[in-house]
Amino acid sequence: HQHLVMELSGTIHEYIRNNHNDSQVLPAPLAVRLNADDKTYVEPDISVLCDSKKISERGIEGAPDFIIEIVSPGSRKMDYSTKNALYSDFGVREYWIVNPINRTVLVYYLEESKFEVSSYTFQDKIKVNIYDDFWINFMEINP
């Protein structure tokens, strides 16, 4: 779990740094308050923000642009169901569910206010849809 968080965060950070992008990658633990009610918050494994104004001393205020969750046996229902619905409802543009046991990646991309899903394996090079020219090659991550 932590190996994947570290590798994916590092890969995303390197892309952001090399492309002089204003984005930021922020790994857990970090509270993400999806709306202003202070009751709806989550702690994604990895959050990517294209708008640094959403960062406060309390965490992230509003939906990140890209979230990655690494599935563990105890988080399956939360990641596949509860968080998936929350992220779609609150406008997360892209959501990946990485399953190290099955070696699969589900990519949800927001289209017309609804998530479209694509399925991949750890043998694939996967497009990060929020950027025009960024792909993550899971064979290079080698968990």
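Note that the coordinates shown come from a computational prediction; the quantities given were computed from them, not determined experimentally.
- Here E69 contributes atom CD and H1 contributes atom NE2; the two are 8.0 Å apart, rounded to the nearest 0.5 Å.
- For the ring-ring contact (aromatic ring centres under 6.0 Å, His included) condition, the pairs that include at least one residue of residues 45-93, sequence neighbours left out, are F66-W96, Y87-Y95.
- With D124 contributing its side chain and T121 its backbone, the two residues share a donor-acceptor pair below 3.5 Å.
- For residues 11-22, the set of pairs meeting the salt bridge (charged side-chain N to carboxylate O under 4.0 Å, His left out) definition, not counting sequence neighbours, is empty.
- Taken from CD1 in I46 to CG in L26, the straight-line distance is 10.5 Å, to the nearest 0.5 Å.
- Inter-residue side-chain proximity for L34 and Y41 is flagged as unmet; no heavy-atom pair is nearer than 4.5 Å.
- Judged by distance alone, with hydrogens and angles left aside, the side-chain atoms of N19 form a donor-acceptor pair with the main-chain N or O of Y15 at under 3.5 Å.
- In this structure, the side chains of V98 and L4 come closer than 4.5 Å at one or more pairs of heavy atoms.
- The closest side-chain donor-acceptor pair between Y109 and S118, if any, does not fall under 3.5 angstrom.
- To the nearest 0.5 Å, atom CG of residue D45 and atom CG of residue L30 are 11.5 Å apart.
- Here the CE-CD1 distance, from M6 to I141, works out to 12.5 Å after rounding to the nearest 0.5 Å.
- In this structure, the side chains of T104 and I97 stay at 4.5 Å or more apart for every pair of heavy atoms.
- Remark: side-chain polar atoms of T11 are paired, donor with acceptor, to backbone N or O of E7 under 3.5 angstrom.
- In this structure, the side chain of K125 does not engage the main chain of F138 through any donor-acceptor pair within 3.5 Å.
- Looking at K127, its side chain does come within 3.5 Å of a backbone N or O of D132 through a donor-acceptor pair.
- In this structure a side-chain-to-backbone donor-acceptor pair under 3.5 Å is present from N137 to M139.
- A distance of 9.5 Å separates OG of S47 from CD1 of I68, quoted to the nearest 0.5 Å.
- In this structure D65 satisfies the side-chain contact (heavy atoms from CB on, under 4.5 Å) test together with C50, R93, I130, sequence neighbours excluded.
- R103 forms no cation-pi arrangement with F122, by the criterion of a distance under 6.0 Å to the ring centre and an angle within 45° of the ring axis.
- Interatomic distance, I67 CD1 to E94 CD, rounded to the nearest 0.5 Å: 11.0 Å.
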